[in-house]
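See structure below.
Letters A, B, ... are given to chains in the order of the sequence lines, protein chains preceding strands, and every chain is numbered from 1.
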Amino acid sequence: MTNPDVIVIGAGMVGAACALALTEAGMEVLVLDRSTIASGTSGAGEGNILVSDKEPGPELTLARRSRDLWFEISERIGGDFELEAKGSLVISRTSSGIAQLRHLADEQRNHFVEAIEVGSPELHDLEPYLAPEIAFGIHYPEDAQCQPMLATAHMLRMVRLAGGRVSEREEVLAISQAGNELSVRTIGGDHTAPFVVNAAGSWAGEVAALAGSALPIAPRRGFILVTAPAPKLVMHKVYDADYVANVASGEADLQSSAVVESTKSGTILIGASRERIGFDSHLEIAILRRLAAQAIALFPSLAKIDLLRAYHGFRPYAPDHLPVIGEDPLCPGLFHAAGHEGAGIGLAPATAELIRDAVLKKPSFMDPTPFSPRRFVASS
Amino acid sequence: MSTISTEQIVVVGGGPAGLAAATSLVRTGARVILIDAGERPGGQYWRHHAESSLAAKHEELRIIAHPNVEYLAKTNVWAATYRDGVSTLHLLIDGKVEREIRTRTLILATGAYDRSLPFPGWDLPGVMTAGGVQALLKGQKSLVGKEIVVAGTGPFLLPVAIGLIMAGVQVKAIVEASRPTAWFTKLGALTHNDGKLKDFITFQKIIFGAKVKIHYGSAIVAAQGSSCVEQVTLAKIDRKFVIKPGSDRQITCDALAVGWGFTPDLSLAVALGCASRIDPRDGSLVIDVDEHQETSVPGIYAAGEITGIGGSALALTEGRLAAANILKAQTEDLLRLRGKQQIFANALLDIYGVKNGWTTWQDEATVLCRCEEVSVGDLRKAIVELGVSDLRGAKLLTRAGMGMCQGRVCGQFVAEFVAKESGRQVALKDLQGFAKRPVITPIPLGLLAKGAER
């Protein structure tokens, strides 16, 4: 039995960021994970830290704050987790796509996002191997990337250095009120703390249920293709404007649009498909084919490069595509930090700041109401 | 791309197990598609060059000419799925053409590859696996060096050394980790040896005649050289594979062939959802089969090394047994034979077992993952600083096993290394995670995209 100040459930990116923020606020933190560090969605993505795919609104505010915090954290905690402001290039080939992209960029600029329209030949100076017929793009130099497993591990390293504890393979079985505190029963024993943070990602709904609450968070599967190491063909994160539409889409069936980028190790990553089929691990070859075709449409020279691996992950999404951040109305002391869909890596540090401020009952950098679990859970 | 009916039986693997299965099947009139990564049938064990007379000796090697056999050479299964009783195999033929095959009856005989252990200098050019050296010799009649040391453990080292001696290479030493006295406790098993004992005696005579010394209870624990291996360190090791202090000496050579046994190649079976387990005899991940070689997936059979390392004689029997079960033929004699062969295989794995003292041979700079250049120091740092405690963590945080070979070379020993350093046992989940490769062999993106729905 332990009695820390706060228990974080989930040792993924969001859990690690929350644990770090709470540790730095002087609290003693226990992080529990039913598996190992970054073993869920955090270990299955590209490490996106994006502002380009956010429409103006609360999520863009969160994203901009988070993007800055990423660079501050990197300075503060050290450890190389490959953080890099590589920038994105969003392209479109159709006149309607170009009009929409222009409109989005205009609105984003009004909210202080750097969005630079590029036509030919500048577009091909930025991306020399881009298909020659593509003639319109928006360059977002602020978009960044990190290696999310390393980032998670380095944040948890700081938590442990400050006296916090990270307990892997310790699954939570029940969460209950115990006086003014919450009691968390796990396969390893009981822990009590005044505060519990649910950072269980795609499985956050199950954790909420353990506490007698409910969160409508469901998985949205995505595949990523990884090529064999290749000469550097792709300079930025390059994606088709359809990607933004797919992110916001409520359709259940398969959507895909190519997101192509190089990594430090020389491989090229190709995403991103979106399907709502539960936690289904079945390999769908048709998706791999479609992603390959879409990537080659952006970069024809990819055709000769070998596909080496493919993997999938489950993005945790809420029905309104906004993350769930804040205290549970049915279970005081339980704070949710989940449902970031495909943006959990990028949004983790600012989410952690909102959680920290909510726990400490302090004002935060933004009004957290749009993210409140109250939009799904009616208080009793 | 074409899809064929689900009536045909598909065999994957052109080594002894797959060929034996195909041979038994076509004898009764069944139609078989035989998928082989090699250029001609035989697999690793019966690998031969184009002018070889080996096919005259073995009926199995000639089966590809049978009218009921469709033989697909130089063909890899790059991806596979199983749904509603039907296996779908996505083939890549000669690296150029895709084809899709569906079947309700599938025999997997994908064999094994060489098991490596890391030691300082094992990544130098000129250091090769024993299997790799033999494959070059048998398949292309090419030599890797002029003065070679053959080292590791197992009965496979002797035929490799003899092949080299016959080809005119100077074998400077044979280094065998086990001790011949180990056989004294296994004399009973020797009665089930299928002529292997006779082979062994013949091998010993040739080696003696060539004046090559066999160093027992020893290992090559380091290799040195600037651009290529120039010398290796021979040391005596104890029964746990720990180096005996002061026993080391140098041997000059220009090539080193090392073989520490074999690791089953499970990628295809795992992709199809076949259940696997850790073989307690050698720690390898193997496919779980029932008495009739059927896997946990109905209609999918496994035979040969992927069900546990056992050698060619056992592989032949397992292939025939799988076929007999599919044909609903009599199996009593085959079951009895398999039982005897397993006794001999068990004795071999016991005598030539790899003990975990090998984890003391490295220094901090020793490379563990050659593809991604991950060193012992990198892995230790990830374990100590970042809390890595399993193979998946090691892969995600150090990139070990993420390169071109996809962990086929380093997966097993990185798992053992992490387990030892973090005070845990290698878990089934560790090895299963590494064996799970949805993309089984690389395929050009352009080819993949061609099959996309338009």
For B:S389, is it the side chain, the backbone, both, or neither that has a heavy atom closer than 4.5 Å to a heavy atom of chain A?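 Its backbone and side chain both get close to chain A.
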Are any of the side-chain heavy atoms of A:I285 and B:T88 separated by less than 4.5 Å? no
Among B:R424, B:M402, B:R399, which has the most heavy-atom pairs under 4.5 Å with chain A? B:R424
Under a 4.5 Å heavy-atom cutoff, which of B:K436, B:Q406, B:K429, B:M404 has the most pairs with chain A?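 Heavy-atom pair counts peak at B:Q406.
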Relative to chain B, which segment of [X] carries a heavy atom at a distance below 4.5 Å: side chain, backbone, both, or neither?
X: A:Q147; value: side chain
X: A:A295; value: neither
X: A:S42; value: neither
X: A:L161; value: neither

Once you round to the nearest 0.5 Å, how far does [atom1] of [X] lie from [atom2] of [Y]?
X: B:L396; Y: A:I37; atom1: CG; atom2: CD1; value: 10.5 Å
X: B:D390; Y: A:S39; atom1: CG; atom2: OG; value: 8.0 Å
X: A:L156; Y: B:L386; atom1: CG; atom2: CG; value: 9.5 Å
X: B:I443; Y: A:L288; atom1: CD1; atom2: CG; value: 9.5 Å
X: B:L447; Y: A:K304; atom1: CG; atom2: NZ; value: 12.0 Å

Please report the closest heavy-atom contact between [X] and [Y], naming both atoms and the distance.
X: A:G43; Y: B:R392; answer: O-NH2, 4.1 Å
X: A:L283; Y: B:A80; answer: CD2-O, 4.4 Å
X: B:Y82; Y: A:H282; answer: O-CE1, 3.4 Å
X: A:A153; Y: B:L397; answer: CB-CD1, 3.8 Å
X: A:A293; Y: B:A452; answer: CB-CB, 4.1 Å

Looking at B:E385 and A:R160, is there a salt bridge between them, counting it only when a charged N and a carboxylate O are closer than 4.0 Å? no
Are more than 12 heavy atoms, taken from residues, nucleotides or ligands other than [X], located less than 6.0 Å from that residue's [atom1] atom?
X: B:E373; atom1: CD; answer: no
X: B:Q425; atom1: CD; answer: no
X: A:Y311; atom1: OH; answer: yes

Pairs of heavy atoms under 4.5 Å with chain B: top-ranked of A:L308, A:L150, A:I287: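 Most heavy-atom pairs within the cutoff with chain B belong to A:L308.
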Any side-chain donor paired with an acceptor under 3.5 Å for B:E372 and A:S265?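 Absent: no donor and acceptor within the cut-off.
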Trace of the side chain to side chain contact (heavy atoms under 4.5 Å, CB included) decision for B:V388 with A:T36: CA-CA 8 Å; B:V388 164; A:T36 51; over 6 Å; no
Side chain to side chain contact (heavy atoms under 4.5 Å, CB included) partner of B:P444, chosen from A:L302, A:T227, A:D306: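 Between B:P444 and the candidates, side chain to side chain contact (heavy atoms under 4.5 Å, CB included) is satisfied uniquely by A:D306.
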For a side chain to side chain contact (heavy atoms under 4.5 Å, CB included) with B:L448, tell me which candidate from A:I296, A:L291, A:L307 qualifies. A:L307
